[in-house]
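Have a look at the structure below before the remarks.
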Amino acid sequence: MARVGVNGVELFYETAGDGDPLVLVHGSWGDHDNWTPVLDALAKRFRVLVYDRRGHSRSERPAGQGTRTEDEDDLAALMEARGYAPAYVAANSFGASTALGLAARRPGLFRGLIAHEPPLLGIVADVPELQPLMTDIAKKIESVIAHLRAGETLAGAYEFVEEVALGPGMWERLPDAVQETFLRNAPTFADEQSDPNWAVLDLDRLAGYTGPALLSKGTQSPPWFATIVSRLSAALPQARTHTFEGAGHIPHVTHPAITSTS
C-alpha cells in the first residue's frame, strides 16, 4: 500500500504481479478494491497498478468541484511517476470515460486500451430514438444528486444502482463491501456531475489514438451503453468490441471469471 503526490493531489495505489504494465481505472462510487475479484488472475500475466481516483476512498478528496480532465491528468501523472508509461489501461464506467479522454489527448501513454461502458451520453445526444431515455436518465440522476445534497446517502446510492446503472434488485446483490464503498464515495459522484463536460468527448481527437482498443458492454446493462460503444468503435481506428453475456455494468465485480479471461 502506498500513496504518491501527483497533479496536486495524493493518490492511493497498489501494485501486483510481473510482466507488461497494466493500469486499472475504477468507475464512480467505487475504488481500487472493485478490481480485487480479478486482480490475482491479471497479476499472473501483467504488472498491475490499481488506485483510488481523487475523491475516492483512501485518496485525497480536494474541496470544490472537480473535472474529468483532472482525473485524466491524475492518471497520466501516476503512470509516469510509477514507471507505467506506456501501459495497457483497462477502465470501467466513469473510469473508462477518463481513460478515453486521456487517450485522445496523450495517445503515447497507451500500449492498448480496454473501456467498458463509458457513460459518455454527450456523444449520442443526436440519436433521436434515445432522446426519451436520456431525458429519463437525466431526471433520475438529478434525483440521485438531490438525495446526496440532502445528506440522504443511502437513498441516493440505492436509486443510482437500481434506476440508473445496474437495474432493479441489484443493490441487494452487491457485496457488503461494495455497498459500503458506494456510500463512502457518494459525495464525489455529486461533484463529478457538476462538471459540465463529464459526458462529452471529442471523437475526432480520439481518432488520433491508433493503438489497440477493446470496447465492451454487457447484455444486462441499460441499452444506451451499446449505442455509446458503437459510436466509439466507429471513431477508433483499431477498435474491437466485446459483449459480456449475462453481465452488466460492473462485470469484474459480478462476473469475475468471464472478465479476467476475456
Side-chain angles (χ1 to χ4, degrees), residues 1-17 20-36 38-39 42-43 46-62 65-120 181 185 188-189 191-193 195 197-202 205-206 208-216 232 236 250 252:
M1 291 188 278
R3 289 165 67 94
V4 62
V6 296
N7 193 32
V9 67
E10 282 201 353
L11 300 180
F12 172 88
Y13 73 94
E14 291 182 342
T15 60
D20 290 335
L22 169 66
V23 181
L24 305 178
V25 190
H26 67 81
S28 299
W29 306 83
D31 65 15
H32 75 284
D33 279 330
N34 290 160
W35 299 105
T36 297
V38 298
L39 185 58
L42 293 175
F46 298 96
R47 178 166 59 98
V48 184
L49 183 150
V50 294
Y51 74 107
D52 294 345
R53 294 193 291 109
R54 66 166 57 210
H56 295 83
S57 295
R58 299 187 218 183
S59 286
E60 186 178 356
R61 180 171 289 162
Q65 178 181 322
T67 66
R68 199 186 74 220
T69 299
E70 288 178 330
D71 275 293
E72 295 169 11
D73 291 339
D74 290 349
L75 174 57
L78 179 62
M79 292 169 65
E80 292 173 326
R82 304 319 304 161
Y84 277 74
Y88 295 101
V89 177
N92 172 248
S93 193
F94 192 92
S97 299
T98 298
L100 287 159
L102 182 60
R105 296 167 56 207
R106 298 190 60 186
L109 291 174
F110 293 77
R111 298 187 185 199
L113 171 63
I114 301 173
H116 182 75
E117 297 187 345
L120 292 166
T181 302
N185 294 324
T188 300
F189 175 75
D191 190 50
E192 289 172 349
Q193 295 297 304
D195 175 10
N197 296 314
W198 73 269
V200 299
L201 186 66
D202 186 336
R205 193 173 186 183
L206 181 63
Y209 171 71
T210 58
L214 178 63
L215 305 168
S216 61
L232 292 169
L236 286 162
I250 47 174
H252 50 297

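Values below: every heavy atom of this structure, side chains too, minus hydrogens, waters and symmetry copies.
- The backbone N or O of R58 lies less than 3.5 Å from a partner atom in the side chain of D52, making a donor-acceptor pair.
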#### Entry: Test log, rule side chain to side chain contact (heavy atoms under 4.5 Å, CB included), inputs V50 and L39
CA-CA 9 Å; V50 294; L39 185 58; 4.3 Å; yes

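- Considering CG of D31 and NE2 of H26, their distance stands at 6.0 Å, rounded to 0.5 Å.
- With a 4.5 Å cut-off on side-chain heavy atoms, L201 and R68 count as touching.
- R106 is listed as a side-chain neighbour of E80, based on a closest heavy-atom distance under 4.5 Å.
- With respect to the salt-bridge test (charged N to carboxylate O, under 4.0 angstrom), the residues D73 and R105 qualify.
- Side-chain contact check for L22 versus Y84: every heavy-atom pair is 4.5 Å or farther apart.
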### Message
L78 vs L49, test: side chain to side chain contact (heavy atoms under 4.5 Å, CB included). Steps then yes/no.
### Response
CA-CA 10 Å; L78 179 62; L49 183 150; 3.7 Å; yes

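- Within the 4.5 Å cutoff, no side-chain heavy atoms of V89 are placed close to those of L102.
- Distance check: M79 CE to Y13 OH gives 14.5 Å after rounding to the nearest 0.5 Å.
- Between the CG atom of N34 and the CG atom of L24 there is a distance of 10.5 Å, given to the nearest 0.5 Å.
- The distance from atom CH2 of W198 to atom OG1 of T67, rounded to the nearest 0.5 Å, is 14.5 Å.
- With sequence neighbours excluded, the residues satisfying side-chain hydrogen bond (donor to acceptor under 3.5 Å, both in side chains) with H116 are S216.
- The two residues A103 and L206 come nearest to each other via the heavy atoms CB-CD1, 4.5 Å.
- Closest non-hydrogen pair, A99 versus A91, comes out as CB-CB, 3.9 Å.
- Checked against ring pair (Phe, Tyr, Trp, His ring centres under 6.0 Å), F189 has the following partners two or more places apart in sequence or in another chain: W29, F160.
- When the options L215, N92, L100 are evaluated for a side chain to side chain contact (heavy atoms under 4.5 Å, CB included) with P118, the one that passes is L100.
- Between R82 and T15 the shortest side-chain heavy-atom distance does not fall below 4.5 Å.
- Looking at R53 and D71, a side-chain N of the basic residue comes within less than 4.0 Å of a carboxylate O on the acidic one, giving a salt bridge.
- Of the inter-residue distances, the one linking H56 atom NE2 with Y51 atom OH reads 10.0 Å to the nearest 0.5 angstrom.
- Side-chain contact check for L236 versus Y209: some heavy-atom pair is nearer than 4.5 Å.
- Judged by distance alone, the side chain of S59 and the main-chain N or O of G55 form no donor-acceptor pair under 3.5 Å.
- If you take CG on N197 and CG on D202, they are separated by 11.0 Å, rounding to the nearest 0.5 Å.
- Put simply, the side chain of S28 does not reach to within 4.5 Å of the side chain of T188, judged on heavy atoms.
- The heavy-atom pair separating G66 from D191 by the smallest distance is N-OD2, 2.8 Å.
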### Message
Between R54 and L11, does the side chain to side chain contact (heavy atoms under 4.5 Å, CB included) criterion hold? Intermediate values first, please.
### Response
CA-CA 6 Å; R54 66 166 57 210; L11 300 180; 4.3 Å; yes

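- Considering only residues two or more places apart in sequence or on other chains, S93 meets the side chain to side chain contact (heavy atoms under 4.5 Å, CB included) condition with P119, H249.
- Put simply, the side chain of H32 does not reach to within 4.5 Å of the side chain of S57, judged on heavy atoms.
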